[in-house]
Amino acid sequence: MSTATLKPRIGEPDIECRYPVIIGEDRVIGQAYRWHRDWLVITSEGEHNLRRPPAADAKRASGIDMAAAYLAEEYAAGRITATGLEQLRAEAPEPLTGPVPLLHPRMPVNDRNVGGATTAFAGLTEHHWRAVLHGFPGSDNPWYLHCELCGWSGVRYWSHHRGRNNQPPSPYRHDGGCIGKDKVRALIPAYSK
Ligand SMILES: [Zn+2]
């Protein structure tokens, strides 16, 4: 197989922000995702941490490119196998209806993380958000949330929700329209303090 046929492309991420790396029409050779500053891949052989891209081009996009190049190389060498995109989508994580644990499974249980998670969940409640996939993943990792004001769900980051300098977060809650900034301000006491 020539390297040209192995040129991978990046597909649409799932609700945990894991990007399928695809070869050809629909063969997925792995999934790539960022956790804090590291990039990890999930393949037929399990999970592998690629760490950070070289400092010179330490951008989000190049992290994905680094992961895609790694996967293409592993696949070309016969060390991993591909799966179908349809199958991957069928097995993709789904939002939960019940409560989620306090911490994301990748977050170690310690005082700092439990404290951060407790603060975050209190903030979600105050601002009418609900975690519907997993517990607190840290401030800068994707967190799939449900907006209880309008029913929207999507990936958010706690660093955008916690507000700054004792100010509440922006009343612009998410893309795709919500109930409008005025109604948000009227409904949530934090905006009238
Ligand atoms: Zn909303």
Side-chain angles (χ1 to χ4, degrees), residues 9-22 28 31-40 42 59-64 67 85-109 112-193:
R9 66 185 170 87
I10 313 293
E12 288 295 314
D14 67 15
I15 62 178
E16 294 197 67
C17 277
R18 298 184 302 197
Y19 295 83
V21 176
I22 304 163
V28 178
Q31 290 171 278
Y33 72 100
R34 188 171 66 88
W35 180 260
H36 296 302
R37 289 180 171 178
D38 289 348
W39 277 86
L40 294 93
I42 304 164
K59 289 179 200 153
R60 184 184 163 80
S62 70
I64 291 187
L85 188 57
E86 280 302 310
Q87 190 189 339
L88 189 77
R89 292 216 171 111
E91 292 166 1
E94 301 270 355
L96 305 174
T97 46
V100 300
L102 185 66
L103 288 171
H104 188 284
R106 294 190 66 86
M107 289 284 277
V109 179
R112 184 169 177 265
N113 288 344
V114 167
T118 305
T119 303
F121 273 98
L124 293 189
T125 301
E126 184 183 5
H127 288 270
H128 301 271
W129 288 97
R130 189 155 49 89
V132 287
L133 183 61
H134 49 60
F136 182 58
S139 298
D140 295 308
N141 285 316
W143 202 7
Y144 193 77
L145 299 179
H146 177 79
C147 172
E148 297 198 299
L149 299 186
C150 76
W152 180 92
S153 294
V155 171
R156 308 291 305 166
Y157 293 83
W158 176 244
S159 56
H160 298 163
H161 278 254
R162 63 186 166 192
R164 295 201 187 283
N165 306 320
N166 293 320
Q167 297 296 309
S170 166
Y172 181 87
R173 292 169 64 85
H174 54 78
D175 292 342
C178 192
I179 59 171
K181 290 181 190 176
D182 292 343
K183 283 186 186 165
V184 168
R185 282 199 187 92
L187 208 64
I188 299 173
Y191 292 105
S192 49
K193 274 176 193 162

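Every number for a ligand or one of its atoms is a count from 1 in the order of the listing. In this chain, residues are counted from 1 in sequence order.
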Is a side-chain N or O of [X] found less than 3.5 angstrom from the main chain of [Y], in a donor-acceptor match?
{"X": "Asn113", "Y": "Val109", "result": "no"}
{"X": "Trp143", "Y": "His134", "result": "yes"}
{"X": "Asp140", "Y": "His36", "result": "no"}

Tell me, which protein N/O/S atoms are under 2.8 Å away from the Zn ion (ligand 1)?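 Within the sphere that stays under 2.8 Å of the Zn ion (ligand 1), the protein atoms of type N, O or S are Cys147 SG, Cys150 SG, His174 NE2, Cys178 SG.
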
Under the 6.0 Å and 45° cation-pi test, does Arg106 pair with Trp35?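 Verdict for Trp35: a cation-pi partner in Arg106.
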
Stepwise, does the side chain to side chain contact (heavy atoms under 4.5 Å, CB included) test hold for Ser139 with Trp158? CA-CA 5 Å; Ser139 298; Trp158 176 244; 3.8 Å; yes

Should the ring pair Tyr19 and Trp39 be called parallel, tilted or perpendicular, given that the plane angle runs from 0 to 90° and is split at 30 and 60?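 Taking Trp39 first and then Tyr19, their aromatic rings sit tilted (interplane angle of 30° to 60°).
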
